[in-house]
Amino acid sequence: MWELMQSYLGNDKQSIQRQIVNHVEYTLARTRFDFDNFGAYQACALAVRDRLIESWNDTQQYHHNNDSKTVYYLSLEFLMGRTFQNALVNSDLESNFRDALMDMGYDLEELYEQECDAALGNGGLGRLAACFIDSLATLEIPAWGYGIRYEYGIFKQVIKDGYQIEIPDFWLNHGNPWEVERQDMQYHIRFFGHSQKWQDGPTERAKWEGCQKVVAMAYDTPVPGFNTYNTNNLRLWRSRPRNTFDFNKFNSSDYHGAITERQEAEYITSVLYPNDSTDAGKELRLKQQYFFCSASLYDIIRRYKAKHANERFASFADLNKIQLNDTHPVIGTIELLRILLDEESLSFEEAWNVVYNTFSYTNHTVLPEALEKWSVDLIGRLLPRHLELIYLINHIYLSKLQQKYPGDGEKVGRMSLIEEGYPKKVRMAYLAIVCSHTVNGVAALHSQLLKDTIFSEFDALYPGKLQNKTNGVTPRRWIHCCNPRLSDLISETLGGVDEWITALDNLRNLVPYATDKQFQDQFIEIKVENKRALAKWIKSRTGYDVPIDAMYDIQVKRIHEYKRQLMNILYCIHRYLSILDTPAHERRSKFVPRVICVGGKAAPGYHNAKAIIKLITAVSQKVNSDHEVGDLMKVIFLPNYNVSSAQIIIPAAELSQHISTAGTEASGTSNMKFVMNGGLIIGTMDGANVEIAEEIGASNMFIFGEDVAGVNRIRKQLAEGKTGYLGGRLKRVWDTIKGGFFGDTSIIHPQLDALAGGGDHYITCFDFYSYVDAQEKADATYRDYRKWTEMAIKGVAYSGKFSSDRTISEYCSEIWDIQPVPVPHPSTNPNQRTRSFANLAEFQ
Ligand code: 26Q
């Protein structure tokens, strides 16, 4: 057997082709007569996966043998998008597969289009998790992602009569070739019941009795790093019923009831909640959170104990670091405490120290209304022992607060883990802070705001605990894969090497080329090609023809009042009216032709966001069919914005909009992607825009609007009853909409009334005029397209900071204290691809 398992799959053309046809015939059971593009994609995916499994098995075995310190990224969302191209690129197999397929009459790029997105996330937070696991693998950090294998990802958005309709995303319909089902990797997860306390010497412990049990089953996906043998793991859990059957119910002929109970178990991991800010605490959501935390912790503990039995977890926190992606998995802190106390017999102090030194928490919002709170009643019913432990922690913590702030009961009440009221609630963010050794925000401004506002009292209580880790994005997917021509141009220009893909600061060497006419011409040609590709996409998805020789102006992100898509569309209306005001023969000289695109999903229950979509589509219909305006202006709603469409949209943008009210967008990450792909930003001094301006120079952006201090000043005026701030141009926009110029847009009227009547919380009306100025400046700059291109190239050149490799390196040194562990490559010699015995010894 040793000999049989000694060799690796070949990566020469013949070996790849042989394996593809073998998978077509033996795995998919297809014949040469129904070997279509989809079959070819599936077979290729399996062929790639087989290779990933080799490096993945070797990596995991090596880490096991070496007892490598490991990072665990716990996230309710992993917004992976497609895997095929990324897997080929990271394992340096893209050209081999392209050649192998070409010979057989298939086009690799066409096969890429066969794959459906793994859309197990809502937006920024979920995509960040995906970028992070790419960087962790690339940086050779032993790391696992843990999450939920939802059967339904984020809904598909369809536009009907201008309104958003949600369609379920059953993404596993045709199977998922990238995952490996681990039938043998199962844990029992408990819910409900009650806690029976007992005294164990000085320590109070509990038995969890009368509970319901659900099985968690693991599904693994290999995560290859770029240009390294290291291959990490993404482990997603699926809920299943236990293999028992309620015979009592069966005998009382309640067959249906017995089946229903089993289905309840399956429901837990059925669907991703489509909100990207907190909604009313739904029981099923809490079940999801606890379910995947519990399974992940049992899994981590099992592996730890395999090497460190009888050590009372003394080295656990040195060898295992767990990052909480927002508060969604924070119940995991209490679960670890419970396991250590009630199942592993540690003292409370021992258990607490393990928990505290293991966990860290990342916050993604300062909006107080978006902070998670769970009702005490719900937690007490679903997780009775956990509620007891939360109260116990709160008791110890509050007595420390009382000592520190004697007599200040109000402050102690404000900082308590429990919010008094009807109903009583647990403040999950506070719980996360108290149970973690570090807390971080996701951009410098955001982290500062955490210290100054919602967590200020915690910053005083735990000096140094609050940190900043500015977000980043992976240059593998967000330059190299999505913009191959730009990637090639960069590599050629930087001396024919692609080192910059893992050392993004190297892009600085492009600075001298920003004014180089020949380079500019190549850069422009690539942008035009990317615009062409987007125009084709728009035609196929919306039916609209859009010109190529126009400024591509794009805002894509979840639809939210704070992100102010409304301001964008109000400006579109203003611009449209201004064009109509201008005599036809002067229009071309006064206005730069623009294709204005807005895309994004609204949470299904978010009425105001859905109304904004309707307004955009209504304006789109009117403007696009107005022959007066023609190609001078097109307004497009890009339907069903997701990761794979982002890979077409972002490289085509010339201007991108990041126009949130200052102090509301924690970071933003698409802003980084647009800059890397040669798009200019029109934006506010919010989130990571601030640091982008620092890096690329504010003069290479169109910055406008109030800063955080200005926003606060205006909000104060509004609170004092200020009205009458609309101004003439906005008034006209209001009247135009309400007059029915864009058809029936009555759904937006109440929002407009509120905005005008003192309820402009996101100061859309106040920022509008400075936004108009910035838009005019963008037009003026675009007329000098050489200048525009110079700014765009400088953006690319100075965007190095925003690689998620930099972000992850900072997490490694300042939060996890972990170093890379290079996994030995079996052989780099293609003629001798065997697992040498020397290596085998290392892997044993
Ligand atoms: C919570 C409870 C119940 C149901 C849903 C949720 C929920 C789900 C997703 C709450 C929040 C989210 C997602 C938040 C998010 O994506 N935040 C974004 O995170 C990015 C990465 O840090 C930042 O760049 C963005 O600024 C931030 O908005």
Side-chain angles (χ1 to χ4, degrees), residues 148 185-201 203-217 237-270 281-299 301-302 329-348 351 355 374-395 417-418 423-426 428 431:
I148 290 181
M185 198 50 80
Q186 299 198 352
Y187 298 97
H188 283 171
I189 311 301
R190 296 182 282 180
F191 294 102
F192 304 108
H194 61 274
S195 149
Q196 189 67 51
K197 288 195 220 169
W198 63 285
Q199 205 61 38
D200 181 12
T203 309
E204 189 178 72
R205 307 191 192 280
K207 284 203 176 73
W208 188 350
E209 292 174 335
C211 42
Q212 283 180 13
K213 286 187 188 155
V214 173
V215 169
M217 194 202 280
W237 300 103
R238 175 186 183 189
S239 61
R240 308 297 319 266
R242 288 195 307 153
N243 275 331
T244 56
F245 200 80
D246 189 338
F247 283 100
N248 289 326
K249 278 204 176 134
F250 189 66
N251 287 334
S252 60
S253 49
D254 189 8
Y255 175 69
H256 189 262
I259 299 285
T260 307
E261 209 175 283
R262 291 171 63 81
Q263 285 177 331
E264 296 258 304
E266 307 255 20
Y267 282 153
I268 297 176
T269 56
S270 284
K282 293 268 185 342
E283 177 172 310
L284 188 61
R285 168 87 180 177
L286 184 59
K287 274 189 162 178
Q288 291 185 335
Q289 296 184 344
Y290 175 68
F291 171 81
F292 102 96
C293 287
S294 181
S296 307
L297 284 161
Y298 276 120
D299 203 35
I301 289 171
R302 177 186 52 77
V330 68
I331 195 69
T333 60
I334 309 301
E335 175 67 353
L336 179 58
L337 187 68
R338 183 192 67 77
I339 295 172
L340 296 180
L341 270 180
D342 296 347
E343 296 178 11
E344 301 291 345
S345 302
L346 265 61
S347 72
F348 183 85
V355 169
W374 287 105
S375 95
V376 164
D377 284 349
L378 177 55
I379 299 184
R381 211 159 42 78
L382 200 63
L383 306 167
R385 178 57 175 155
H386 296 76
L387 185 61
E388 279 173 11
L389 290 173
I390 291 171
Y391 269 109
L392 178 60
I393 293 169
N394 199 37
H395 175 77
L417 302 183
I418 309 293
K424 261 194 211 183
K425 288 180 174 172
V426 179
M428 304 309 266
L431 181 63

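Heavy-atom basis, side chains included; hydrogens, waters and symmetry copies ignored. For the single chain, residues carry numbers from 1 onward in sequence order.
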Interatomic spacing from [atom1] in [X] to [atom2] in [Y] - rounded to 0.5 Å:
{"X": "Arg238", "Y": "Ser270", "atom1": "CZ", "atom2": "OG", "value": "9.0 Å"}
{"X": "Ile268", "Y": "Phe291", "atom1": "CD1", "atom2": "CZ", "value": "6.0 Å"}
{"X": "Ile334", "Y": "Leu383", "atom1": "CD1", "atom2": "CG", "value": "10.5 Å"}

Exam field: side chain [X] to backbone [Y], donor-acceptor pair closer than 3.5 Å:
{"X": "Ser375", "Y": "Pro423", "result": "no"}
{"X": "Arg190", "Y": "Val214", "result": "no"}
{"X": "Gln186", "Y": "Met217", "result": "no"}
{"X": "Asp200", "Y": "Thr203", "result": "no"}

Side-chain touch Ile189/Phe292, heavy atoms, less than 4.5 angstrom
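Not touching, per the 4.5 Å side-chain cut-off.
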
Kindly indicate whether the side chain of Thr269, heavy atoms from C-beta on, has any atom under 4.5 Å from the side chain of Gln288.
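Side-chain contact under 4.5 Å: no.
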
Can you name the nearest heavy-atom pair linking Asn394 to Leu417, along with the distance?
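Of all heavy-atom pairs spanning Asn394 and Leu417, the closest is OD1-N, 3.1 Å.
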
Step by step, work out the ring-ring contact (aromatic ring centres under 6.0 Å, His included) result for His386 and Tyr290.
CA-CA 10 Å; His386 296 76; Tyr290 175 68; 4.9 Å; yes

Check Lys207 with Asp342, please: is the shortest side-chain N to carboxylate O separation under 4.0 Å?
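Salt bridge absent between Asp342 and Lys207.
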
So, are Lys213 and Glu261 salt-bridged, with charged N and O less than 4.0 Å apart?
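Not counted as a salt bridge, because no side-chain N and carboxylate O are separated by less than 4.0 Å.
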
